[in-house]
Structure formats: C-alpha cells, structure tokens
Q: 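Have a look at this one before I ask anything.
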Amino acid sequence: MARVLLFGRLADQAGWREREVEAASLAALRASIAHDDAALARALEGPGVQVAVDKALVRGEAVLAAATEVAFLPPMSGG
Amino acid sequence: MARVLLFGRLADQAGWREREVEAASLAALRASIAHDDAALARALEGPGVQVAVDKALVRGEAVLAAATEVAFLPPMSGG
Amino acid sequence: MITLAQAPFDPGALLTAFCAGRDETGAVASFVGLARAEGGSASILELEAYPGFTESAIEAFAVEAAGRFGLQDWRIVHRVGKIAPGEAVVFVTTAAKHRRAAFEACDFLMDWLKSRAPFWKKEHGPAGARWIEPTAQDRTDAQRWDV
Amino acid sequence: MITLAQAPFDPGALLTAFCAGRDETGAVASFVGLARAEGGSASILELEAYPGFTESAIEAFAVEAAGRFGLQDWRIVHRVGKIAPGEAVVFVTTAAKHRRAAFEACDFLMDWLKSRAPFWKKEHGPAGARWIEPTAQDRTDAQRWDV
C-alpha cells in the first residue's frame, strides 16, 4: 500500500488530497490512478509536476516498498 | 550672550560641554574662547569641525543675536 | 530553525527572542511579509505546505545560505493555511557580525522563499479562488543570486 | 518618526507596533544594530547626540529616502548614552508594497546612519576611552548609493 498525497491544483482537480493505493512501483501507481481518473493521471504527468517518494524527490521510475508515501507536487509557488 | 555647546573630543579637550559667552559674532566668540584657552580655539578651527548656529550649519562668519546657541561639531562618527 | 505556523504569529516577539543575549552579533536584519488586501480583490491568501518536506527544503537552503554569507544564526517562521490581509505570512531574520552579510542573507532567503520554496498558494477573492504562480519579478529577484 | 532613546529599548516591541494594522503593505524590512563585546576589548560604547539637531538631520534624510524608494512608512530609534554589549544601538524599519524597496531603503538608511549621522562615538575599554571615526567599510557602504 502506498499513501498518495496530492498538493495544490492537483488535489482540487482530483477531489481528494490523500488516498491509499495498492502499487509496487510508480508505474503501477500511475496505472491504478488512470484506471479511476484518466484526466488526473494525465495531470500527474504534466509539465512541472514533481514526485517525492518518502519526502525525497525522484525522477523517472521508482519501486515502492510497503507503507511508502508518494507525493505529487505541482509547480511550487513560493510563500 | 551666546550659549556655546561642544561635542565629542572638543568637549573632552575643553573640560566643559556648555558655557555662556558674551559675543555678537562668531569671530568675537572665537576670540573670547582663544583668550581663555588658545589650544581649544585652534581645535575649534581644526579640519572637519562644523559650526551650527541655532541648530543650522553655517560656513564662515555669522552675526549672533541675543540668546543664540552656537555648537562646535567635530567630525561625525555615525551611530 | 524553521517553523510552519498554522495560526497568526507576532514577528516582533520572534525578533525580541532572536536578539536576546547576543553580545558578539552586531547586525540583525529581518523581514516580515504581510498579506495585502489589494483593495479588497484578494480577501484571503491560502498557503499549502507539504509538512516535513517543506521544512526540510527550507532548512537545507538556509543552512547553505548561512555558510555562504557567514551568518552566526538565522530564524524563519512561515505561515500556512488561510491568511487574512495584514497578517504576517513570513518572518526571516539573520544575525552576523556586520550588517552587509545580515542584509544580503535575509534578502537572499526571501527571494528564494518567495519564488522557489515548496508552497502552493491560492488567492480567494470576490471572483473566486485561483492558484498563484511565482511572478516574473520573483523570478528576476531570485536569479540575481545565481552564479 | 525618529526617536533618540536614553535607556535600553526592545526592537521587537517596535516591530510589532510598526506592523500593526497594515493591510496594504506587503513588505516590512528592519535592522537592529547591537553593541558588540569584541571579546571584552570594548566593554561600553558611548554615543553622544546633539538633541534637536540630530533628530532633524535624521528625519530630513529619512524623508528623502522614503521618497527615493517609494516607502509607505519608516521608523528609527537610536540609542544615546552608555550602551553595554548586547544592547540595541539602532533600530530601523521600512514599509513598502514590495520587498525590494523595503530592503533597499533600510540598507540605505543604515549605511548613512552608521557613517554620516550626527553622533559622536566613544569606546570605553580596558585600555581607556577613545573617540571612533567611521570605518573605511562604513564609507564604502555609504558611497554605494552616491550617484
């Protein structure tokens, strides 16, 4: 189980901010989200969206251990 | 009567900070001070010493009305 | 130290605490960012952080800045959640022996915080809510420091 | 407004008061100059002002700076008399819509206050007392703004 977190406009678009998703890799996680909400899955791959696994930014693919936190971060606005 | 004020190292040198002096002009005031303390009078004409009459800086000579305040200001150090 | 504040905070109280007991400091620069009413067009500012991630990113950046400018100390408090006009959004303060370092480090930290720190910002106004991107001025300010 | 303070003052309390009720400000920069112990070599700093003349000179300079940088407001408190290490010597704060103006005006005011304002400064240390002139760094800092 991965704990998925959405921030900013991604959470608004999805209608949720946090959800448990069964997935052993980032690719599997994206596929699972696409199955429920294809538009959201596309937004998660959109320009400037970064992915953090257990609070560290990752690029490309990642294996997800049990109880991993995966966050999708739209472009940061600063404070 | 002019009220004479000395600041910074000038007051230390003179041994006083404030004194009433009978003088109708700045030149007469300097002469009166020189009569009592020639070294002080030279210091008051030293490099960087400015003169304020009633809290306004003056250059060169000035007539002193009754109850005028004359301040001798050594180079300012900033705060 | 960086703290995210959920509730309004008093920058003056933070400055008092930061200045206390410093007999070799010389210079404390600080900055307070306040939410603007913009004549009523932006009634509420909402800031979202990623708790844990946001503090770590700010801490890492500030530690690097402290080294770059030779700071003795720094303190950052950043508001999150819904912020009313006139409330403090951010407080940054820096301590150094001399004022040039304190000013430049504070300015540097603010440029980064305003343009690149991990926050997501929403403005709630009479015409609804919208997500804000960094302004061109924010980007230009931050780029002044790029080598 | 400029105030000369005979007794220790709290910069944080001044900052709190200055920030209050500003819903169109955006940016408040401030600076606190603290007396340094210099490892014990300068145990007491003594600042002399010419009451009336000193405030007028600072007020006139700050009003000009406020125009130059487009400030909404400013506040200066400057200590006079004998100042112990760790005590505040000067507090300057500036309010503007955006942070670049607030920072630059605060920096500008400090450069002038530290090098050209009408104060006379004496350091009392273990080896006796001596009058201080502006440092070369103070002059260089102030000259950055000369056109």
Side-chain angles (χ1 to χ4, degrees), chain B residues 1-21 23 25-26 29-30 32-33 37 39-79, chain D residues 2-5 31-35 45-61 76-81 83 87-92 109-124 128-142:
Chain B
M1 278 301 216
R3 193 161 73 106
V4 179
L5 305 179
L6 304 182
F7 290 90
R9 60 172 165 77
L10 296 175
D12 280 8
Q13 177 181 340
W16 53 272
R17 318 189 71 74
E18 183 174 341
R19 176 173 289 185
E20 302 286 319
V21 176
S25 71
L26 211 44
L29 178 66
R30 289 181 188 278
S32 170
I33 289 171
D37 185 341
L40 176 60
R42 281 193 300 276
L44 298 185
E45 298 193 276
V49 174
Q50 294 181 285
V51 181
V53 173
D54 285 340
K55 299 192 169 69
L57 293 176
V58 298
R59 285 175 186 277
E61 196 37 51
V63 171
L64 303 179
T68 299
E69 184 176 277
V70 178
F72 291 92
L73 313 174
M76 297 158 184
S77 64
Chain D
I2 154 75
T3 307
L4 298 181
F31 182 84
V32 183
L34 298 170
L45 178 72
E46 185 174 0
L47 277 176
E48 189 180 8
Y50 178 7
F53 180 88
T54 298
E55 294 98 315
S56 295
I58 295 174
E59 174 87 23
F61 189 81
I76 298 173
V77 176
H78 209 298
R79 188 69 189 285
V80 292
I83 308 169
E87 290 180 355
V89 178
V90 57
F91 173 75
V92 174
L109 287 168
M110 273 309 306
D111 280 349
W112 182 81
L113 285 166
K114 287 293 286 183
S115 63
R116 299 180 182 180
F119 292 100
W120 298 276
K121 183 159 44 182
K122 201 179 205 175
E123 245 177 40
H124 298 261
R130 65 188 187 97
W131 291 98
I132 308 290
E133 300 274 302
T135 66
Q137 181 65 53
D138 287 331
R139 281 199 207 87
T140 307
D141 285 348

Q: Could you label the plane-to-plane angle of the D/Tyr50 and B/Phe7 rings as parallel, tilted or perpendicular, counting under 30° as parallel and over 60° as perpendicular?
A: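 The arrangement is tilted - the two ring planes meet at 30° to 60°.
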
Q: Can you pull out the residues in residues 44-56 of chain B with any heavy atom less than 4.5 Å from chain D?
A: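 Near chain D, by residue number: B/Ala52, B/Lys55.
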
Q: Let me know if D/Ala57 has heavy atoms under 4.5 Å from chain B in its side chain, its backbone, both or neither.
A: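 Contact with chain B: none, neither part.
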
Q: Side chains of B/Val58 and B/Leu26: does their closest heavy-atom pair fall under 4.5 Å?
A: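 Answer yes - side chains close enough.
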
Q: Could you tell me which portion of D/Leu47 (side chain, backbone, both or neither) has an atom closer than 4.5 angstrom to a non-hydrogen atom of chain B?
A: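 Just the side chain, heavy atoms under 4.5 Å.
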
Q: Considering only heavy atoms, which portion of B/Leu10 lies under 4.5 Å from any heavy atom of chain D: side chain, backbone, both, or neither?
A: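 For B/Leu10, no heavy atom lies under 4.5 Å from chain D.
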
Q: Indicate yes or no: at least one non-hydrogen side-chain atom of D/Glu48 is less than 4.5 angstrom from one of D/Lys122.
A: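 Contact flag for D/Glu48/D/Lys122 side chains = no.
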
Q: For residues D/Leu109 and D/Phe31, determine if any side-chain heavy atom of one lies less than 4.5 Å from a side-chain heavy atom of the other.
A: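 Contact flag for D/Leu109/D/Phe31 side chains = no.
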
Q: Would you say D/Phe119 and D/His78 make side-chain contact, with heavy atoms under 4.5 Å?
A: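 When only atoms from C-beta onward are counted, D/His78 and D/Phe119 do touch, with a gap below 4.5 Å.
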
Q: Between B/Ser77 (side chain only) and D/Lys121 (backbone N and O only), is there a donor and an acceptor less than 3.5 Å apart?
A: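 Such a contact is found between B/Ser77 side chain and D/Lys121 backbone.
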
Q: Is B/Leu5 close to D/Phe53 at the side-chain level, that is, under 4.5 Å between some pair of heavy atoms?
A: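 With C-beta onward as the side chain, the pair stays apart.
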
